[in-house]
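Just follow the structure's listing: the first ligand is 1, and inside any ligand the first atom is 1.
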Amino acid sequence: MIAEHIAIEAIDVLLVDVPAIRPHRLSVATMNCQTLVLVCVRCSDGVVGMGEGTTIGGLAYGEESPESIKVNIETYFAPLLKGMNAARPGAVMAKLRGLYQGNRFAKCAVETALFDAQAQRMGVPLSELFGGRITDTVEVAWTLASGDTGRDIDEAEDMLARRRHRVFKLKIGSRAVKDDVAHVVAIKHALGDRGEVRVDVNQAWTESDAIWAAKRFSDAGVGLIEQPIAAASHAGIKRLTELALVPIMADEALRWPADASALARERCADVFAVKIAQSGGLLGAASVAAIAQAADIDLYGGTMLEGAIGTIASAHLFSTFGELKWGTELFGPLLLTEDILTEPLRYENFALYLPHGPGLGVTLDWDRIDRMRRNRTRGASIAMN
Ligand code: MUC
Ligand code: MG
């Protein structure tokens, strides 16, 4: 029991630019580098919590950019949070949510840091604050997004041979639909039953494009279609789900738990991609999962291509879900050329292994972070305990 008032003393936000191992092409952007948005919350008991609010493609994916996340936390969140009781993360976040609109990624970063600090204080892994983990590993899919069919097949073969991934998500939607379909079908034919192939269109198609492609994907054995049309079109995604050609997953359509509720009420999708940043934090993502489970909608553990902090925070939460039928795509750190941990996350046998230490259970490599962080000459160096 933590009865005393533990003050939030300081909140630091760092933008850390890490090159990608290869260009990562989505319909909304091509990423050559990922900007990690790391938040550290220092508390008066000496505990430091870490969180992450990373997004994709600057301002291309959502309404927040790495820069807006940093500015809004520093300008609006930090003055409010300073002095508040770090031992009451739920109360702190309720206040923050009540005062400030939107900013889901920024809220996620702060909330993760508060819960990391609280779990460290209590001496338990983060997963134990969210009902307790049911599993120590989560299966991890890999995204093929080089844009080149031959290169994607080689990449998938390499992942299969190394037993790192056997589920492959193909990023499509930036080319003509028939070209995308040919690309996906060629990869599925090459892998056969050895690899599962899914696609993510990131809202790029019209409904008629999606119907045309779904028929061909169904014949080819593609396993899942993620967010094929605009997030706002609940009626459209419901019609695609009802066609029952290939299971349909909602991703960008799930901005808040209220969206999950609306989509679940009408059973607009077969699967929900649960993402901590997209849901405004761990609590919001837990609500999205609960809504899905109550409505008999399957769960998938999504990513915003976060680095190690957002990835392991997500894994802690996902490990508490009763059933994660479609696994996860928590591969973000593997897409980056440099690790920010002293000991990398453990990926083996197609899965990510959860750590057992208190809080997030990982240790940051501050020398590396300091080398890659933006404006390092102007900012004060972040020295951790
Ligand atoms: C998304 O839309 O799902 C997940 C994997 C990837 O390559 O991009 C992300 C975002
Ligand atoms: Mg997606």
**Study point:** Min side-chain heavy-atom separation Ile248-Val271 under 4.5 Å
**Key:** no
Exercise for review: Please confirm whether Trp142 and Phe331 have ring centers closer than 6.0 angstrom.
Suggested key: yes
Practice item. Answer with yes or no after comparing the ring centroid distance for Tyr300 and Phe272 against a 6.0 Å cut-off, counting only values under it. Key: no
Check your understanding: If you group Ile, Leu, Val, Met, Phe, Trp and Tyr by side-chain heavy-atom gaps below 4.5 Å, do Met50 and Leu305 land in one group?
Key -> yes
Point to revise | Identity of the nearest option to atom 1 (C) of ligand 1, non-hydrogen atoms only, from Gln278, Lys171, Gln227, Gln203 | key: Lys171
Exercise for review: Could you label the plane-to-plane angle of the His165 and Tyr347 rings as parallel, tilted or perpendicular, counting under 30° as parallel and over 60° as perpendicular?
Suggested key: tilted
Would you name the N/O/S atom of [X] that lies closest to the Mg ion (ligand 2)?
X      : answer
Glu226 : OE2
Asp200 : OD2
Asp251 : OD2

Review point. What protein heavy atom is closest to atom 4 (C) of ligand 1, reported as residue, atom name and distance in Å?
Key: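 Nearest neighbour among protein heavy atoms for atom 4 (C) of ligand 1, to 0.1 Å: Glu329 OE2, 3.3 Å.
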Check your understanding: Can you tell me the protein heavy atom closest to atom 3 (O) of ligand 1 and the distance?
Key ->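 Ranking protein heavy atoms by distance from atom 3 (O) of ligand 1, first comes Lys169 NZ, 2.9 Å.
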**Study point:** Any donor-acceptor pair under 3.5 Å from Gln227 side chain to Asp251 backbone
**Key:** yes
Review point. Is it true that a side-chain atom of Gln120 and a backbone atom of Val48 form a donor plus acceptor pair closer than 3.5 Å?
Key: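 Yes.
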Which of the ligand 1 atoms, numbered from 1, are nearer than 4.0 Å to a heavy atom of [X]:
X      : answer
Glu226 : 3 (O)
Asp251 : 1 (C), 2 (O), 3 (O)
Thr303 : 4 (C), 5 (C), 9 (C), 10 (C)
His24  : 6 (C), 7 (O)
Asn202 : 1 (C), 2 (O)
Asp200 : 1 (C), 2 (O), 3 (O)
Ile56  : 8 (O), 9 (C), 10 (C)
Thr143 : 5 (C), 6 (C), 7 (O)

Check your understanding: Heavy-atom count around Asn32 CG within 6.0 Å, excluding the residue itself: above 12?
Key -> yes
Practice item. Tell me, please, if Glu252 has any N/O/S atom, main chain or side chain, under 2.8 Å from the Mg ion (ligand 2)? Key: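 Not a single backbone or side-chain N, O or S atom of Glu252 is under 2.8 Å from the Mg ion (ligand 2).
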Practice item. Check the side chains of Thr206 and Asp209 for a donor-acceptor pair under 3.5 angstrom, ignoring hydrogens and angles. Key: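 There is such a pair between these side chains.
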**Study point:** Close N or O approach (Glu252, ligand 1; < 3.5 Å)
**Key:** no
Review point. Within 45° of the six-membered ring axis of Trp212 and under 6.0 Å from that ring's centre, is NZ or CZ of Arg216 located there?
Key: yes
